[in-house]
Amino acid sequence: MKIFVINGGQAFGHSGGRFNATVAAETIRFFENQPGFEVKSTNVNDDYDPLEEVEKYTWADVVIYHTPIWWFQVPHGLKKYIDVVFTVGHNRGIYKSDGRSAENPAINYGTGGLLTGKKYLLTTSWNAPKEAFTLPGEFFDQKSVDDGPLFGFHRMNAFTGMKPLPSLHFHDVEKNADVETDLKRYRAHLALLFIPDAATGSLQESELEASAL
């Protein structure tokens, strides 16, 4: 199975990008220590060739995004990476069109992706505690990360044809970080998703469909 890891963390303001660099390194280490996996990676802070990045998307079976959330969106370095790479990926393997036809332009929007059959996994890191998403009267009105602030990010990946694996979100990492516990929980998440079928290089379709947004 081919895994493409994207570290979307970056140093800006008071953020050093260390947490997402740590999680991305843990991802690479996890798969390199398991049989049946190949890994490629990108750090959005480094120089990159957009065409080579498109090739990584088309090469991969699973794309894994690691990103902090700044002002309820992905940081500008990751957003620029997506804008540049996906634009270059038009008719080169990421998408061919928005899916509509001139005969009936009102339907089938978002069905022109070329990454069908591929999966993606998202991890995010927040200053916000998890209770901000779950408790009545708290900031996010009981909307989850995936159905609330990151809904557009998931629709972006759906536009390419990819389907989601269950996300994992790290909360309160700025004021009350527990990196060791977070990494332990993350390794368990990866093992649950990937190790049962590592020998065959496939994921259980029942798990994947259950995670679809």
Side-chain angles (χ1 to χ4, degrees), residues 1-9 18-43 56-57 59-69 74 78 115-126 128-135 140 142-158 160-173 176-213:
M1 182 178 290
K2 300 171 182 176
I3 308 293
F4 176 31
V5 181
I6 301 174
N7 175 12
R18 292 182 297 275
F19 182 83
N20 281 276
T22 299
V23 178
E26 187 68 25
T27 304
I28 294 168
R29 183 162 48 248
F30 177 91
F31 287 109
E32 286 183 342
N33 288 333
Q34 300 292 336
F37 293 99
E38 299 177 64
V39 183
K40 294 184 180 182
S41 64
T42 289
N43 184 330
K56 291 177 184 177
Y57 270 91
W59 168 86
D61 297 309
V62 178
V63 178
I64 301 181
Y65 298 99
H66 299 301
T67 182
I69 300 301
V74 301
L78 178 57
L115 297 178
T116 54
K118 300 177 183 293
K119 314 295 178 185
Y120 71 95
L121 168 62
L122 170 66
T123 79
T124 66
S125 55
W126 295 78
K130 63 181 180 181
E131 291 81 4
F133 299 88
T134 60
L135 294 180
F140 291 100
Q142 295 180 277
K143 288 185 172 62
S144 70
V145 171
D146 297 297
D147 292 332
L150 272 295
F151 179 80
F153 186 88
H154 286 294
R155 289 294 85 199
M156 173 200 80
N157 284 281
T160 72
M162 290 194 289
K163 291 186 177 180
L165 295 168
S167 303
L168 189 69
H169 307 295
F170 303 103
H171 295 286
D172 212 1
V173 299
N176 294 294
D178 186 346
V179 176
E180 183 177 346
T181 297
D182 283 339
L183 291 180
K184 182 178 180 180
R185 184 164 63 97
Y186 179 52
R187 285 191 294 268
H189 189 72
L190 291 177
L192 179 65
L193 292 177
F194 294 97
I195 300 306
D197 293 301
T200 61
S202 63
L203 296 173
Q204 294 179 6
E205 288 300 320
S206 59
E207 288 182 345
L208 301 182
E209 295 303 321
S211 71
L213 297 175

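Worth saying up front: this structure is predicted, and the values here are computed from it rather than measured.
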Exercise. For His169 and Asp146, what are the C-alpha separation, side-chain angles and deciding distance, and is it a side chain to side chain contact (heavy atoms under 4.5 Å, CB included)?
Worked result: CA-CA 9 Å; His169 307 295; Asp146 297 297; 3.1 Å; yes
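- Contact record, Thr134 with Gln142: O-NE2, 3.3 Å, taken as the closest heavy-atom pair.
- More than 12 heavy atoms of other shown residues, nucleotides or ligands fall within 6.0 angstrom of atom CZ in Arg185.
- How far NZ of Lys163 is from CG of Asn157: 13.5 Å, rounded to the nearest 0.5 Å.
- Atom CZ of Phe194 and atom CE of Met1 lie 6.5 Å apart (nearest 0.5 Å).
- Between Ser167 and His154 the shortest heavy-atom distance is OG-CE1, 3.6 Å.
- Residues Ser144 and Pro149 share a closest heavy-atom pair of O-CD, 3.6 Å.
- Each of Leu168, Leu190, Val63 was compared with Leu121 under the side chain to side chain contact (heavy atoms under 4.5 Å, CB included) criterion, and only Leu190 meets it.
- Taking all atoms of both residues into account, the shortest heavy-atom contact from Asp178 to Thr181 is OD2-OG1, 2.8 Å.
- Nearest heavy atom pair, residue Gly8 against residue Pro68, reads O-CD, 3.7 Å.
- Counting all heavy atoms, side chain and backbone alike, Ile3 lies closest to Phe37 at CG1-CD2, 4.0 Å.
- By the 4.5 Å heavy-atom criterion applied to side chains, Glu38 and Trp59 are counted as neighbours.
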Exercise. Hey, mind stepping through Asp182 and Val23 against side chain to side chain contact (heavy atoms under 4.5 Å, CB included) and telling me if it holds?
Worked result: CA-CA 9 Å; Asp182 283 339; Val23 178; over 6 Å; no
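- For the atom pair NZ of Lys130 and CG of Leu135, the computed distance is 10.0 Å after rounding to the nearest 0.5 Å.
- A heavy-atom distance below 4.5 Å is not found between the side chains of Phe31 and Val62.
- Under the ring-ring contact (aromatic ring centres under 6.0 Å, His included) criterion, Phe133 pairs with Trp126, Phe140, His171, sequence neighbours left out.
- Between Tyr65 and Tyr57, the ring planes are tilted. Angles from 30° to 60° get that label.
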Exercise. When you look at Phe30 and Leu183, which way does the side chain to side chain contact (heavy atoms under 4.5 Å, CB included) test go after all the steps?
Worked result: CA-CA 11 Å; Phe30 177 91; Leu183 291 180; over 6 Å; no
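- A distance of 6.0 Å or more separates the ring centres of His66 and Phe19.
- A donor-acceptor pair is defined here as one N or O able to donate and one able to accept, closer than 3.5 Å; such a pair exists between the side chain of His189 and the backbone of Pro166.
- Ion pairing of Glu32 with Arg29 is absent here, as no side-chain N (NZ or NE/NH1/NH2) approaches a carboxylate O to less than 4.0 Å.
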For this session: Please step through side chain to side chain contact (heavy atoms under 4.5 Å, CB included) for the pair Thr160 and Tyr120, ending with a clear verdict.
Result: CA-CA 11 Å; Thr160 72; Tyr120 71 95; over 6 Å; no
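- The closest side-chain donor-acceptor pair between Ser41 and Asn7, if any, does not fall under 3.5 angstrom.
- Side-chain contact between Thr67 and Leu122 is present, with at least one heavy-atom pair separated by less than 4.5 Å.
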